[in-house]
Protein chains: 2
Amino acid sequence: MYNQLLSLPKINQMVKAGIKKKDKTTEEAILQVARKAFTQKGLSGARMQDIANEAGINKALVHYYFESKEKLFGLIFDQEFEKFFSSLASLISADIPLFEKIAQIVSLDIERLSQFPDMPLFVINEVSRNPEIMVKRLKQLQQKTVMEGFQKQINSEIKKGNIKSISAEQLLINIQSLSVFPFIAKPMLKKVLQKTEKDYQEMIQVRKKELAMFIINAIKN
Amino acid sequence: MYNQLLSLPKINQMVKAGIKKKDKTTEEAILQVARKAFTQKGLSGARMQDIANEAGINKALVHYYFESKEKLFGLIFDQEFEKFFSSLASLISADIPLFEKIAQIVSLDIERLSQFPDMPLFVINEVSRNPEIMVKRLKQLQQKTVMEGFQKQINSEIKKGNIKSISAEQLLINIQSLSVFPFIAKPMLKKVLQKTEKDYQEMIQVRKKELAMFIINAIKN
DNA sequence: ATTATTTTTAACCATTTGGTTAAAAATAAT
DNA sequence: ATTATTTTTAACCAAATGGTTAAAAATAAT
């Protein structure tokens, strides 16, 4: 890494991209095991040495590719944060009937959470530990417009007498609570409810079917 | 601490308790700052030196009173875990009408969570990191009987046609999700919804009023 | 007052941790 | 083939970390 400006693997590979097929294996192997380490153990719990070992490489190589633990963590966090909110904003803004929208949000949430079960606790944790981490990531996500649009849709349904009075915020928090919490609290709930992994996943599948109706019933007149 | 069997401060003070008024200040000061450190930073993020500093004492004194980081952590975890589940089990088993029970659970939850906002994320985190930690704590909590009783009450309401079909488990998960999640995700939700601390607390108060009705509406016929 | 006991501290210690360096190995460019 | 460049490693390093020890200070017992 003696040419700091031009030779950083990432920049280099970006430049090279398209010209020759990139050998991403090392860099991607690191990212893969780093994601696992950070999402499972958090920033302070993860160890650079463990990441190197599990990637089957020297620790210095991790620094060669990603400079510091914080930088590597930042990349992982960005990606997981993206997973948390991606497609949610556009769904909330979508021009579809409210009840259908609720069903789609729940469905999307549970699919996404089944695919990335460690993601929500990781994101919530690191934001709790360091709220500033969100600031730069939230810029493009123009939530104001999104929420205002959603509130309008809800107000319209209230006025029509289709649903009870509720704020867009509270409804959204309710939907996310009901979707996300069972994944965040999974290890605890598993023990408390004395469920096997299979049992728990079946329970989640039942939720996927019932949750939308539960929410719709809660607000409909 | 040269008399390992008899002189450990805790044992000693227990023996002395009642005879002369105990000077618990040091031990309690440690517990107080340790709770803050562990609940905010987790087991791996908390530092014994920080705990000593914030308690205004030498680090060796922390070990004198609590032996090791793990032991100290264990004490804190037990207490926070207790907060999480205490009074919930008895409320679930209480012989009161279902809708009233739901309202009381929600009310209890939100009061408890307002008082100990760091507790749920802490417990969930540490259980996620090390699920075995729950095993010993869960023995006395004979959940089976509790859940069976609750299911009977629900089945009875279903049979009477008062509520829609739902399992005790799913209903309980729903209640806890809706109560706990806004506290766990507070820093994130605060940023996303662009709320000040005051705004957020007001939002929680609104929830406290509306949540029980939301749940009851969701299940009632 | 003297002794025994408990509490507190300063100074250490071994290990872990994130990070660096210089050189070697592998690959690409000429 | 030779040189330049990139990738990888072994060996370090300084700081941090959980923990220990021996002695001092404070308190209690006699």
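In what follows, chains carry the letters A, B, and so on, assigned in the order in which the sequence lines appear, proteins first and then strands, with residues in each chain numbered from 1.
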Tell me the partner of C/dA23, counting only Watson-Crick (N1-N3 plus N6-O4 or O6-N4) or G-U wobble (N1-O2 and O6-N3) with both under 3.5 Å; none if nothing fits.
-> D/dT8
Nearest-Å distance, CG (B/Asn58) to P (D/dG18)?
-> 14 Å
Could you tell me the separation between the CG atom of B/Leu61 and the P atom of D/dG19, rounded to a whole number of Å?
-> 15 Å
Could you state the CE-C1' distance from B/Met48 to D/dT20, rounded to the nearest angstrom?
-> 12 Å
From CD of B/Glu67 across to C1' of D/dG18 the rounded distance in Å is 14 Å
Establish, with yes or no, whether the OP1 or OP2 oxygen of D/dT7 is under 4.0 angstrom from a side-chain nitrogen or oxygen of A/Thr26.
-> no
Most 5' of B/Gly56 and A/Glu70 on DNA chain C, judged by nearest nucleotide | B/Gly56
Phosphate OP1/OP2 of C/dG18: any A/Arg47 side-chain N/O under 4.0 Å = yes
Salt bridge or not for A/Glu197 and A/Lys186, using N-O below 4.0 Å?
-> yes
Length of the line joining B/Phe66:CZ and D/dG18:P, which is rounded to integer Å = 16 Å
Distance-only donor-acceptor test, A/Lys69 side-chain atoms vs C/dG19 base atoms, 3.5 Å | no
Whom does C/dA29 pair with, Watson-Crick or G-U wobble, provided both distances fall under 3.5 Å?
-> D/dT2
Check whether any side-chain nitrogen or oxygen of B/Tyr65 sits under 4.0 Å from OP1 or OP2 of C/dT8, and answer yes or no.
-> yes
Grab the CG-C1' distance between A/Asp50 and C/dG18 for me, whole Å please.
-> 13 Å
Evaluate side chain to side chain contact (heavy atoms under 4.5 Å, CB included) for B/Phe81 paired with B/Ile133, printing each intermediate quantity in order.
-> CA-CA 10 Å; B/Phe81 185 82; B/Ile133 201 174; over 6 Å; no
With a non-hydrogen cut-off below 4.0 angstrom, is A/Ala46 in contact with a base, only sugar-phosphate, or nothing?
-> sugar-phosphate
Measure from the side-chain heavy atoms of B/Ala60 and tell me the nearest of D/dT7, C/dT8, C/dT9.
-> C/dT9
Stepwise ring pair (Phe, Tyr, Trp, His ring centres under 6.0 Å) test for A/Phe38 and A/Phe73 = CA-CA 7 Å; A/Phe38 283 130; A/Phe73 172 83; 5.2 Å; yes
Protein-nucleotide distance (B/His63, atom NE2; C/dT9, atom P), rounded to Å = 15 Å
To the nearest angstrom, how far is A/Lys59 atom NZ from C/dT16 atom P?
-> 12 Å
Could you let me know what C/dA14 is paired to, Watson-Crick or G-U wobble, both distances under 3.5 Å, or none if it's on its own?
-> D/dT17
Salt bridge flag under 4.0 Å for residues A/Lys152 and A/Glu148 = no
Do the charged groups of B/Glu80 and B/Lys83 touch, with an N to O distance under 4.0 Å?
-> yes
